[in-house]
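First listed ligand is number 1; within each ligand, the first listed atom is number 1.
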Amino acid sequence: MTRAAEFWDSAYDNDTAPWVIGEPQPAIVGLEQAGWIRGRVLDPGAGAGEHTIALTRLGYDVRGVDLSPSAVEHARRNAVEQGVAGARFDVVDALRLSEAAVLAEKDGGTVEFDTIVDSALFHVFGDAPEARAEYVRSLAAVCAPGGRVHVLALSDREAGFGPRISDSVIRESFGEGWELEDLQPARYRGRVTPGVAEAAAAMEQHDGRVDVVAWLARIRRI
Ligand SMILES: C[S@@+](CC[C@H](N)C(=O)[O-])C[C@H]1O[C@@H](n2cnc3c(N)ncnc32)[C@H](O)[C@@H]1O
């Protein structure tokens, strides 16, 4: 299901988002350590901004975008609090990346990204095939040839919470114009908020955090 910005705004405004964990996802940190982040980087659905902040701090050229004005406000504040005031965030619909004036080149051309790090956005469109196709077309329009999209998405292989998807949804979504290079089971770290407490009760918890089952996919733009 696709949701309006107000739905996401309320999660940030009321501090109820289980994905706001105050640190980058370990799986994304691992990608960087393995050398998979290069060139211009896009963080669609940037949320609280942890990945854009962490990568900016390491010297990468990163743009964090989110549909939710509250998320962008939260991320900008978070960046300042973490001493990474140079982290850039803008309100942009990831379904229309090539139309975003804030991402356009100075000459009006569309910017191309070499690395796109999708942490828990793709799965939001998991049960909405049209939105998913629109999202993949939107990514294709701004991903440089040879560039890579990394998708960290909640998996339906175990009980959990949030929009969980099967690996076939990822495989089928990135067809012509893409090469699926790798798809592995992974973990997505969440915090146990009241809204997910019941679902998380049976899971192993550490300091109010749970590592739920996920997929990590690496997809190359041909
Ligand atoms: C589950 S959160 C993940 C946030 C962050 N990437 C993380 O892993 O912590 C999904 C984020 O995607 C944003 N989002 C939802 N639909 C979007 C869209 N069409 N375009 C851009 N961002 C969107 C939401 O506002 C939310 O911040």
Would you tell me which option among [options] has the nearest heavy-atom contact to [atom]?
atom: atom 8 (O) of ligand 1; options: S138, S119, A131, A75; value: S119
atom: atom 12 (O) of ligand 1; options: A11, A94, P163, G45; value: G45
atom: atom 15 (C) of ligand 1; options: F125, W8, Y12; value: W8

| request: Starting from atom 9 (O) of ligand 1, find the nearest protein heavy-atom neighbour and note its residue, name and distance. | output: Y188 OH, 3.4 Å
Should you measure from each heavy atom of [X], which atoms of ligand 1 turn up under 4.0 Å away?
X: L121; result: 12 (O), 14 (N), 15 (C), 16 (N), 17 (C), 23 (C)
X: G47; result: 4 (C), 27 (O)
X: D93; result: 18 (C), 19 (N), 20 (N)

| Side chain, backbone, both or neither: the part of A46 lying under 4.0 Å from ligand 1 by heavy atom | backbone
| said: Using a 4.0 Å heavy-atom cut-off, which part of V20 comes near ligand 1: side chain, backbone, both, or neither? | reply: neither
| said: Taking R88 first and then D61, would you say they form a salt bridge - that is, a charged N and a carboxylate O separated by under 4.0 Å? | reply: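 Here R88 pairs with D61 in a salt bridge, since their nearest N and O are under 4.0 Å apart.
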| Testing Q205, Q25, R189, H206 for side chain to side chain donor-acceptor pair (under 3.5 Å) with D211, which one passes? | R189
| task | Compute the minimum heavy-atom distance from V92 to ligand 1 and say whether it is under 4.0 Å. | result | yes
